[in-house]
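Quick notes on the structure that follows.
Lettering of chains follows the sequences in order, A, B, ..., and the numbering in each one begins at 1. As the structure is a computational prediction, the values presented were derived from the model and not from experiment.
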Number of protein chains: 2
Amino acid sequence: MQRVLGVGVIGFGTIGTGVVRLLRSEERKLRERLGAWLRLVRIADIDLERDRGVNVPREILTRDANEIIGAPDVDIVVELIGGYEPARSFVVEALRRGKCVVTANKALLATHGSEIFPAAEKAGVPLGFEASVGGGIPIVRTLRDGLVGDRVRAIYGIVNGTSNYILSEMTRERASFEEVLSRAQAQGLAEADPTYDVDGIDAAHKLCLLIQLAFGRRVPFRDIPVEGIRHVTTVDLQYASELGYAIKLLAIAKLHGTQVEARVAPTMIPQEHVLSDVNGAYNGIVVQGDALGQTFYYGLGAGMMPTATAVLADIVDAARFLLGETKRIPHPLGYPWNQQRQAKLVAPDSVESEFYLRMSLADRPGVLAQVAGILGREKVSIATMVQQGRQQNGWVPVVMRTHRARAGQVRRALQKIVQTKVVRGKPVVLRIEEELGKEAA
Amino acid sequence: MQRVLGVGVIGFGTIGTGVVRLLRSEERKLRERLGAWLRLVRIADIDLERDRGVNVPREILTRDANEIIGAPDVDIVVELIGGYEPARSFVVEALRRGKCVVTANKALLATHGSEIFPAAEKAGVPLGFEASVGGGIPIVRTLRDGLVGDRVRAIYGIVNGTSNYILSEMTRERASFEEVLSRAQAQGLAEADPTYDVDGIDAAHKLCLLIQLAFGRRVPFRDIPVEGIRHVTTVDLQYASELGYAIKLLAIAKLHGTQVEARVAPTMIPQEHVLSDVNGAYNGIVVQGDALGQTFYYGLGAGMMPTATAVLADIVDAARFLLGETKRIPHPLGYPWNQQRQAKLVAPDSVESEFYLRMSLADRPGVLAQVAGILGREKVSIATMVQQGRQQNGWVPVVMRTHRARAGQVRRALQKIVQTKVVRGKPVVLRIEEELGKEAA
């Protein structure tokens, strides 16, 4: 007599279809490994007509997700509709009814984690979210279990495939953001409304989860400074590569004592570092540990099958729990929720790094000296200054790389420079993560 | 009343010292996570005098490893002496006595796995070997648990830090193998006897384990074709980079139906692939899955703390087993041993890839045509041919890149070319893993 575990999928979109496919193709292997049968008993979606290229018996389809949450033969609820509501209610209710839950919903966990994670603990069932960060990269497992012997000090992640694809293409083809974006949208590589991806919100959601996994601390999502890639120009991408850097939308978190430095922003990283070669739709995450030094994890950040594989891995874990193979209390984050502390965010102004500055200066004697002077008075010292290209009706482009400085000092200096009227338009400021390269060497 | 779990360490060398350090520094964290105390109860080593920079109570030191294996208060035996004997006897006896075993000994597991893995299953205790492959990279866990939902088709690994360091330095400084090796030895980065590292044996041991984890099949270690890096020259490293490749000592395994293609050899990989940026003492492993596509794992391949961290992660797993947190039968490889099949190795001659050829040809009209003709008759078609550099007393260096061809065809063609006497010395042949780049794109 073999045990049967019922799986119910809410959201029959791309990932849902991939999960259904894998449950089929891997059925035998999973039976062997689990000694039980993972049976797809119900799928809920608003659209039951569209052809997904997989045929499922009509009778398991429903428009009402509550049928899944309520069904006695559903042991594992897989939430794949995304967004806040009704996803939140579905997940909370499923947990309340003691169902194991697997989700790919980073937005939900990043903003409602303090409701959902404890709810999972209270229910005493596993809540899997491997698919919510890094697509097919098993980064959640790695931070939760694999690196348990180490202390994580910093995380540098390229965690949004869409924006990374856009930056890669802009670099490769010297094409503008708008140009590449509209092509990506035409190819279905970017959403009609790309806000979450290109404005860094999706990356910030993921960073929120990485911080909780890696540091055992949480920072409110809304407190994380987020900057997108809309304003990155081909000019800066080119200067960057001439200076030996690549510009990536980086999600960064560093632990300073009890405080956490965190942000999402387009950042210059040394070309010799592996992270600089994460191109196209790929994701890459560098974990900096006390004992391990740097480890790096790389893979497709999205797409049907990679994400579905991560979902399936969580389904298998839930099955092992249900089959009594593990009695371990399934803390979603790898530690009891009540051990998690709220962390103060390091004041953005006091964060140190090197900086890339580009501005258009009046082509008059003394102007460079004046600008350098203002920077100097704010203790921002210049590593290299390049006055490149020919002047255009009285203005010349100037590019600078600074030594390590506080963000606040740079900000104040630039304010004063702008006030002097010797600069045209808004200076471009990009952080340089020089540390990354050093620590890798 | 808190439970105490006894840890006994055999081999108080570099890694052993790291493990002792971590057990100290992480003691509180581990107590919190386990709800039990991991207590270091005994350390065995031949040399009890040397100062390791950690002070341990004299009374827990012993010269007799059997004291550890036999001790009733030792629950977890950590084998860190390496080599075949007496490591083999210690591990087998520890398992026979029902102790959990953690080891970093790839040589042992690659050659005596079919004795040791079943012994662990028979004993019903965990056998952890995360530290035996990829140092601090949690690749064993990833293949065993993280990618369970996927089917692995190929593995490309830079898994020997020493040889990778030597190739990186040779490339960076255009220095010869001997030059860099002797410097590495002086700095303690290479063993006095570097055979295992530079001749690819260590990499082959690790490949053996990766194949069993990834494919659920085994190939006898002695059957794997192994080629080291002694004969790699700065000339080839330079041609490689001009052609857009990096030369790495690659451990490769691909699944073809029920057959396995496997080898260790210096290989050209496309510069645009992340694997080409794994430099110095770092390791990097690309896993090619059906669903996931390529995932990539990177970190320090050796050294005290990275390896010790991997050992500690296995100790923690063993502890969780002993504490009854998991009832799951601890199959060391993630599946029952009796499910593992012996795989036939694809005949090396029939393996296809692109090739890099360099030979010194007589500078006479018609010679190139003659060589091209011989290659053509063996169905080896040339993608690019460069007759570079000036001729030296009648001989000119010629570099070729071939299209996809069978190794056997290339071998036969070169035999015939050598017979014609138009070539001086032995032609250089290196495989090009063009596929790697394609699959990443």
Side-chain angles (χ1 to χ4, degrees), chain A residues 18 22 25-26 29-30 32-33 130 135-138 141-142 145-151 272-274 276-280 282 284 286 289-300 303 305-306 308-313 315-317 320 324-329 334-336 339 440-441, chain B residues 18 22 25-26 29-30 32-33 130 135-138 141-142 145-151 272-274 276-280 282 284 286 289-300 303 305-306 308-313 315-317 320 324-329 334-336 339 440-441:
Chain A
L22 281 179
S25 62
E26 301 309 299
K29 175 177 156 199
L30 293 169
E32 279 175 9
R33 290 223 176 175
E130 184 64 79
I137 310 169
R141 271 175 183 59
T142 300
D145 309 324
L147 305 182
V148 63
D150 197 7
R151 287 184 188 188
E272 63 270 19
H273 194 280
V274 279
S276 70
D277 286 304
V278 177
N279 293 313
Y282 278 83
V286 171
D290 272 357
L292 282 179
Q294 286 190 352
T295 49
F296 173 63
Y297 310 90
Y298 167 94
L300 280 167
M305 296 324 279
T309 308
V311 170
L312 185 59
I315 294 175
V316 168
D317 276 1
R320 292 203 158 120
E325 282 185 9
T326 163
K327 276 194 283 155
R328 177 172 169 196
I329 309 126
Y335 54 84
Q339 270 180 30
Chain B
L22 281 179
S25 62
E26 302 307 300
K29 175 177 155 199
L30 292 169
E32 281 176 6
R33 291 226 174 173
E130 183 65 78
I137 309 170
R141 272 176 182 59
T142 300
D145 309 325
L147 306 183
V148 64
D150 198 7
R151 286 184 190 188
E272 62 270 19
H273 194 278
V274 279
S276 70
D277 286 305
V278 176
N279 292 313
Y282 278 84
V286 171
D290 271 356
L292 282 179
Q294 287 191 352
T295 50
F296 173 63
Y297 310 89
Y298 167 93
L300 280 168
M305 296 323 277
T309 309
V311 169
L312 186 58
I315 294 176
V316 169
D317 276 0
R320 291 202 158 121
E325 282 186 7
T326 164
K327 276 193 282 156
R328 179 170 166 197
I329 308 126
Y335 54 84
Q339 272 180 27

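Looking only at heavy-atom pairs under 4.5 Å with chain A, the residue among B:G303, B:G334, B:A291, B:G136 that has the most is B:A291. Residue with the most contacts toward chain B among A:V274, A:L312, A:D290: A:V274 (heavy-atom pairs, distance under 4.5 Å). Highest contact tally toward chain B, considering only A:G299, A:A308, A:P306, is held by A:P306 [criterion: heavy-atom pairs under 4.5 Å].
Looking at B:Q339, only its side chain comes within 4.5 Å of chain A, counting heavy atoms on both sides. Both the backbone and the side chain of B:L300 come within contact range of chain A, each with at least one heavy atom under 4.5 Å from a heavy atom of that chain. With a 4.5 angstrom heavy-atom cutoff, B:S25 touches chain A only via backbone atoms. When heavy atoms are compared at a cutoff of 4.5 Å, B:Y297 approaches chain A by way of both its backbone and its side chain.
With hydrogens and angles ignored, the 3.5 Å screen pairs no side-chain donor or acceptor of A:R33 with any backbone N or O of A:V316.
The closest side-chain heavy-atom distance from B:N279 to A:E272 is not below 4.5 Å. Looking at A:L22 and A:M305, their side chains come closer than 4.5 Å, going by heavy atoms from C-beta outward.
Shown here are the salt bridge (Lys or Arg N to Asp or Glu O under 4.0 Å) partners of B:R151, two or more places apart in sequence or in another chain: A:E26. B:D277 is linked by a salt bridge (Lys or Arg N to Asp or Glu O under 4.0 Å) to nothing, counting only residues two or more places apart in sequence or in another chain.
Aromatic ring centres of A:Y298 and A:Y282: separated by under 6.0 Å.
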